[in-house]
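Heads up: the structure comes next, in structure tokens.
Note that these values count all heavy atoms, side chains included, but never hydrogens, waters or copies made by symmetry.
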Amino acid sequence: MNNRFNTIIIDPGHGGVDFGYGDGNNYEKDFNLEVGKYIYDRLSSLGFPIYITRVEDETIDIYDRFELLNQITDDNNGGSLVFSVQVDNENPNNVSFIRSINRDEETNKDLYEKLNRIGEVKTKTLPNDEGKDFYAIQRLAPNGSDAIVIEFGYEYLNKTKEEKENISNNIIEQIISYFGKLNLTNNNYNNYVVEKGDSLYKIANKYNTSVSELKKINNLGTDFLVIGQILKVPSSNNNFYIVKKGDSLYSIAKKFNTTVDKIKDINNLISDKLIINQKIIIPN
């Protein structure tokens, strides 16, 4: 990871009884969750230390979000980069990246330059107080952390799944470019060298995964393979579990017939504390 940040947090705005902007039967809360989960899943599959504030349609008020951001940041020794997904109900098609007024352009210059290839990087303040950020997620961001709001024009609510994924992939590409592929720590995947007669279907069966998952983690646009090509494949020794409300290391260890010590060892955990939506490796 970049030396300023130890983790990334994806924050799909709104949720539950908080619908956000609506257009017919399409609501901002659902769009934010769809796009947020897609970005989270892609970066998680590449080995980024990443968290997400919600994975379902649930109500989370800003103070609960703030507590969750603080907990994640503290547990990772500070330095979280938060990307909050929101919809701009005043602009139809633009994608903008809202930076905090408390961060000058030099603070994240490299990141802003990369994001600016997709949409304008700018600030946004409260209408009645230009000394405060418009978004509460930025006003309440933990110390040592930055929050950038990805603001989609309201027409994105009506776009196809493919169109949403295309713009999300552009954002993901710039995030990866900023942090640097060579700095990723990934113990969840092994390398596989394509041999004569191989196909994605054959390789997926061998490593107990799917063709779609292989294409996603390798950013493949087609099923075409080349002999000698290097693919990421899931480690055959690892299973994964997403922490849910009420989980503990003891309950997870019991569920998967393993021990707390083994789970802590394989995940490099120094305490028994878990975070909702945390992705952990389950040893065989």
Open item on the list: Could you check whether any side-chain N or O of R54 sits under 3.5 Å from a backbone N or O of D11, counting only pairs where one atom can act as donor and the other as acceptor?
Closed with: no

TODO: Using only heavy-atom distances, determine whether the side chains of D18 and T59 contain a donor-acceptor pair under 3.5 Å.
DONE: no

Open item on the list: Take a 6.0 Å sphere around CD of E56 and say whether it holds more than 12 heavy atoms from other residues, nucleotides or ligands.
Closed with: yes

Task: Salt-bridge contact R99-E105 (side-chain N to carboxylate O under 4.0 Å) - done: yes

Task: Candidate list N108, N102, T107, test side chain to side chain donor-acceptor pair (under 3.5 Å), partner D146, passing option - done: N108

Task: Shortest non-hydrogen separation from L249 to L269 and the atoms involved - done: CD2-CD1, 4.1 Å

Task: I167-I39 co-clustered via ILVMFWY side chain contacts under 4.5 Å - done: yes

TODO: Using a strict cut-off of less than 4.0 Å between a Lys/Arg side-chain nitrogen and an Asp/Glu carboxylate oxygen, indicate whether K215 and D223 qualify as a salt bridge.
DONE: yes

- [ ] Quick one: sort the F5 and F179 rings into parallel, tilted or perpendicular, breaks at 30° and 60°.
- [x] perpendicular

Task: Closest approach of I176 to L43 (non-hydrogen atoms, all atoms of both residues) - done: CG1-CD2, 4.0 Å

- [ ] Verify whether one side chain among N169 and Y38 offers a donor that lies under 3.5 Å from an acceptor in the other.
- [x] yes

Task: Heavy-atom neighbours of F19 CZ exceed 12 at 6.0 Å - done: yes

- [ ] Look at the side chain of D129 and the backbone N and O of G131, then say whether any donor-acceptor pair between them is shorter than 3.5 Å.
- [x] yes

Open item on the list: Could you check whether any side-chain N or O of D133 sits under 3.5 Å from a backbone N or O of R139, counting only pairs where one atom can act as donor and the other as acceptor?
Closed with: no

Task: Minimal non-hydrogen separation, G79 against T73, with atom names - done: N-CG2, 3.7 Å

- [ ] Consider only side-chain heavy atoms of I, L, V, M, F, W and Y, link residues closer than 4.5 Å, and tell whether Y51 and I276 are in one cluster.
- [x] no

Task: Full working for side chain to side chain contact (heavy atoms under 4.5 Å, CB included) between I203 and L225 - done: CA-CA 11 Å; I203 297 170; L225 296 176; 4.0 Å; yes

TODO: Decide whether F31 and I137 are clustered together by the hydrophobic rule: side chain heavy atoms of Ile, Leu, Val, Met, Phe, Trp, Tyr closer than 4.5 Å, transitively.
DONE: no

Open item on the list: Quick check: closest heavy atoms across L214 and L200, and the distance to 0.1 Å?
Closed with: CD1-O, 3.7 Å

TODO: Would you verify whether the NZ or CZ of K159 falls within 45 degrees of the ring axis of Y156 while also being under 6.0 Å from that six-membered ring's centre?
DONE: yes

Task: Linked, directly or transitively: I72 and I52 (ILVMFWY side chains, under 4.5 Å) - done: no

Open item on the list: Are E34 and K161 packed together at the side-chain level, in the sense that at least one heavy-atom pair is separated by less than 4.5 angstrom?
Closed with: yes

